[in-house]
Amino acid sequence: MNKINEPHFLFFSLGRCGTTLFQSIVNSHPSLHLSDEVHWFPHMKSAGLQYHRFFEVDDISAQHLPAPSLWWQAIKASHSILFDDVKSKKWGLQFIGTRNIPYIKDLIALYPKARVILLLRDPRDLHLSLLSTGIGHYNSGKDLLNITKVVEESGNPYITIQYEQLCSIPEQTLRKLSNFLNVNYFQSMLFPLLKRISHAQDTAMSEEQGVHKKNSSVLSKWKTKIPSIDLALQNYQFNYVKELGYEVYEDTAYLRLPTSIAEIHFICCGAEIEKKSTTHTLRLKSLGCICLIFDKSIQSLSKNEATLEYKGKEIKGKVFENIITFDLRVESNDLRVNKVEHSNNKGAHSFLDLIPFKKDKSYYLYSAGSETLHCLNDYYLNKILPLKGVIDLSPAKKNDSRFELPILSPHLLTPDSDIVLITTTYHYFFARKMLEELGFTYDKNIFYIP
């Protein structure tokens with residue numbers, strides 16, 4: 001019997017973290033090979049549980065596929081056959097995306113001798129990618145942290161690489177990777193950084209007269225590209241971003257509000273109020289911008305009336321309907337997010353695309369269950385938007401009190417007077433198709449707010 005050809009390493013990440021670039025870099029090494037994205041494992045494990053129930057224990061109530069099951073050996077054999085043509089190299093399997101997260105522990109246990117590579121990227125840049133392409137993940141900081149913790153607890157040797165390091169100190173990072181995989185470093189590993197990979201707008205490096213230079217425009221785009229209101233609403237990811245080791249804002253700041261709105265109740269997103277007086281003392285827990293969400297419109301507020309003192313500088317508040325934002329970034333703007341042309345582009349919208357709110361319209365949220373509920377709570381959607389209700393096709397959810405909004409059938413809505421917001425990536429195509437069949441039009445009364 002031929003010896004099973006096992007992977008030397010496993011690669012975990014999320015889409016939009018630079019995975020295509022990383023694969024190109026690894027595969028430019030003469031002794032390494034990284035597979036394309038492997039998405040079949042969840043389905044194979046599900047099939048394996050059925051095999052275990054009917055062929056190994058004859059018990060349809062069995063809920064787990066145990067380690068001794070022959071099914072695991074079948075998976076290892078299938079991987080061995082599929083990658084037989086690269087067995088002369090040190091090869092690895094690529095598992096990316098949220099669907100693989102619940103199976104990472106099983107994957108690592110399947111290959112206990114495999115080394116593990118983890119690729120991270122600042123979740124704020126992942127959100128910017130989501131806004132510009134519609135491709136990405138809600139709550140990416142939490143997902144990256146979950147992957148990291150499973151890898152750390154596995155006991156397998158692992159290396160963590162940040163996309164930012166890959167672009168800013170590429171040779172140092174790739175030498176470190178080569179040492180981890182016990183191969184010699186090759187200069188050819190830098191070549192993919194000179195190319196525009198996938199739907200990236202810029203190359204990570206440039207070459208002038210034989211000298212490689214890093215392209216700083218690909219790093220920390222969130223500092224200049226994400227509109228302030230969208231960045232402020234990402235503050236719910238503060239703890240995740242901090243624990244992943246990325247820059248956050250935790251200083252003390254001082255908020256001054258005009259007397260005309262001082263008595264209106266508001267929620268502070270991105271800071272804790274430590275002391276209330278004519279000047280509020282704030283303890284920042286922000287990703288770069290904070291916002292105040294008031295119970296009613298403050299649109300009549302004069303420009304520059306609300307201010308934030310931060311590190312000796314006075315930041316003028318920007319008013320949007322019932323929201324004031326204070327941008328902590330050195331350079332920022334409220335320009336619309338540039339959309340990237342791509343075949344999978346879902347045309348995501350920034351919150352700026354919804355402002356000003358149409359006073360003659362009713363706003364509804366398309367429900368995809370718990371994920372929509374998380375968006376509703378994390379983004380304070382019911383405080384920001386004039387939501388009238390939630391639409392859902394399932395009659396069983398008509399009494400779901402978690403939404404604290406009426407739950408209606410989409411057939412009760414009318415395109416002339418109603419606007420529907422879609423918040424979930426996975427349900428986007430179905431929701432849009434269903435609404436367009438009812439006469440709704442994308443960018444007019446259908447908006448995708450991830």
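Remember, predicted model here, so these are calculated numbers, not experimental data. All residue numbers refer to positions in the sequence shown, counting from 1.
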Identify whether the distance between the nearest side-chain nitrogen and carboxylate oxygen of [X] and [Y] falls below 4.0 Å.
X: E309; Y: K313; value: no
X: K285; Y: E272; value: yes
X: E247; Y: K223; value: yes

T98, L120, N100, I96 screened by side chain to side chain contact (heavy atoms under 4.5 Å, CB included) with L14, the one that passes: T98

Does any N or O in the side chain of [X] come within less than 3.5 Å of the main-chain N or O of [Y], such that one atom is a donor and the other an acceptor?
X: S13; Y: L119; value: yes
X: S69; Y: P66; value: no
X: T148; Y: L144; value: yes
X: D378; Y: Y236; value: no
X: N235; Y: C289; value: yes
X: Q237; Y: G141; value: yes
X: Q94; Y: F11; value: no
X: D230; Y: F351; value: yes
X: W71; Y: M44; value: yes

Is the distance from the ring center of [X] to that of [Y] below 6.0 Å?
X: F186; Y: H29; value: yes
X: F326; Y: Y310; value: no
X: H79; Y: F41; value: no
X: Y249; Y: F238; value: no

So [Y] and [X], do their side chains get closer than 4.5 Å, heavy atoms only?
X: E164; Y: D122; value: yes
X: T281; Y: Y254; value: yes
X: V116; Y: F9; value: no
X: K318; Y: I324; value: no

Checking R115 against F180: charged group under 6.0 Å from the ring centre and within 45 degrees of the axis? yes

Answer yes if the side chains of Q23 and D36 hold a donor-acceptor pair under 3.5 Å, and no otherwise. yes

Considering all heavy atoms of both residues, which atom of [X] and which atom of [Y] are nearest to each other, and what is their separation?
X: G48; Y: L65; value: O-CD1, 3.4 Å
X: N5; Y: W91; value: OD1-NE1, 2.9 Å
X: P192; Y: M189; value: CD-O, 3.4 Å
X: K90; Y: H8; value: CA-CD2, 3.3 Å
X: Y103; Y: K45; value: CD2-CD, 3.6 Å
X: S28; Y: S188; value: O-OG, 2.9 Å

So for atom CD, which belongs to E274, do other residues, nucleotides or ligands contribute more than 12 heavy atoms lying within a distance under 6.0 Å? yes

Could you tell me whether K89 atom NZ has more than 12 heavy atoms of other residues or ligands within 6.0 Å of it? yes

Mind checking whether Y442 and Y428 have parallel, tilted or perpendicular rings, split at 30° and 60°? perpendicular

Criterion salt bridge (charged side-chain N to carboxylate O under 4.0 Å, His left out) on K149 and E243, from CA distance to verdict: CA-CA 11 Å; K149 288 183 175 180; E243 197 166 344; 3.6 Å; yes

